Amino acid sequence: MASFEDRLLETRLRLGRRVVEHIRHGTSDLADRPMRNDVSVYIDPARHAAERQKLFRETPLVACLSRELPGPGSFRTFDETGVPIVVVRGADGGVRAFLNICIHRGARLVRETGGQAKLFTCWFHGWSYGLDGKLAAAPEAERFDDALCGADHLVSVPAAERFGLVFVQATPGSTMDIDAHLGTFGAELELLQLEQAEPVKSGQLPVSANWKYALDTYGEGYHFAALHKQTLAPFFRNDITVYDRFGPHHRILFVGREQEAWLDLPEREWGVEHRIGGIHYIFPNTILFAGAVAPGKGYYTTFRHFPGETPGETVTHKTIYAPKGVHSEEYRSEVEAAYDATAHVVETEDYVVAAQGWANLGALPPGSSVVYGRQEMALQNVHRAISEAIGMPLPTVAPRLEAAE
Ligand code: FES
Ligand SMILES: [Fe+2]
């Protein structure tokens, strides 16, 4: 059995060779054909409701990375799905999640967004709970049922930790099979060693567009040359994608211009350890991008997209991490600057076009469609996977609407 390091290097080299072949031949990974998708997929309230239920309540979602719950007693709230949840690392090191609702009379139990605790005490009447969710003490407990303390419990929600990622499924009493959900993608996520990644900066990027429209902007490099002419196009080619699908999940590499030099270099001089990271998409809503502020100074950033009540509201939760921890204050400021730079591109370019484009879809005649090219294969597969997961087939697309005579 190959060691972890061998497997990591081999995977990066294999991807690097695909990059080089595409540069050499002017090719790219492509879908078999383009795909049309009815615009109602982005607008229809019934579809939106089904997505909120099936994908955001009944599917495992990334709540955070492991080091955001660094030790026993670490907690974070997870309200992004609309269900108030607190995620806790227990005394045994395991991760658990509970509805953030006091079982006495329903007050919000944990009011900080994160921190460290031995007990959670409700601010209404002072009931307190252990890290395992059990009621530990209640003032005047004898005036309630005898069995109250030690027996009553916060309502638990499925939670699991895999490959440095903490997953939560926002429905109490539901079954979550995280290994089945990740499938073969787990082995790819493992290579990222996310358990070592230290959070540096977080924020929220709201956008008045459907969550899938926002998500689509992370799935293709085709728009770099036009939309990101000044920002990304100087660094990335827009015409080459290296794409691998793992069930509903995928990995995409966009090709950096400096990789063109690889054609004349032996493989050991490519520096794949610094240059092969790419985008990992964890179905249904999480993008994990691996970038670098300088060779050997990498970062990971997550973009977790959450739909609002209506089809036209989305909030993207973005966090940036130092993959092996923050080893100097200089590096910390560089990673913070990378957060600001990537957030700026998203806010001033992608999400401006997304808000405008999404609103325009509603002005098109019924039966209109958008089209994903062969190079936009990630979008094709994501929309297919979403429609399958919610059990609503993609609408049959009408033939092109003809211009009026
Ligand atoms: S509602 Fe929490 S102690 Fe009463
Ligand atoms: Fe973009």
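Being a predicted model, the structure only gives us computed values, none of them experimental. Ligands are counted one by one from 1 in listed order, and the atoms in each one are counted from 1 as well.
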Identify, by atom number and element, the atoms of ligand 1 in contact range of [X], meaning under 4.0 Å from any of its heavy atoms.
{"X": "Cys122", "value": "1 (S), 2 (Fe), 3 (S)"}
{"X": "Gly126", "value": "3 (S)"}
{"X": "Trp127", "value": "3 (S)"}
{"X": "Ala107", "value": "1 (S)"}

Determine whether the side chains of [X] and [Y] contain a donor N or O and an acceptor N or O closer than 3.5 Å.
{"X": "Ser174", "Y": "Gln169", "result": "yes"}
{"X": "Thr301", "Y": "Lys318", "result": "yes"}
{"X": "His104", "Y": "Asp152", "result": "no"}
{"X": "Glu161", "Y": "Ser66", "result": "yes"}

*Considering only protein heavy atoms, which is closest to atom 1 (S) of ligand 1, and at what distance to one decimal place?*
Arg105 N, 3.3 Å
*Tell me which N, O or S atom of Asp350 sits nearest to the Fe ion (ligand 2).*
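Per the distance ranking, Asp350 contributes OD1 as its closest N/O/S atom to the Fe ion (ligand 2).
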*How are the rings of His305 and Phe303 set to each other: parallel, tilted or perpendicular (split at 30° and 60°)?*
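Rings of His305 and Phe303: parallel, under 30°.
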*When you look at Phe224 and Phe254, which way does the ring pair (Phe, Tyr, Trp, His ring centres under 6.0 Å) test go after all the steps?*
CA-CA 10 Å; Phe224 292 170; Phe254 298 123; 5.0 Å; yes
*Between NE2 of His228 and NE2 of His223, what angle is found at the Fe ion (ligand 2), rounded to 10 degrees?*
90°
*Looking only at heavy atoms, what is the nearest atom pair of Thr171 and Arg57, with distance?*
OG1-O, 2.7 Å
*asked:* Quick check on atom 2 (Fe) of ligand 1: does His125 put an N/O/S atom closer than 2.8 Å to it?
replied: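 Not a single backbone or side-chain N, O or S atom of His125 is under 2.8 Å from atom 2 (Fe) of ligand 1.
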*Is the distance from atom 2 (Fe) of ligand 1 to the nearest N/O/S atom of His104 under 2.8 Å?*
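His104 does not place any N, O or S atom closer than 2.8 Å to atom 2 (Fe) of ligand 1.
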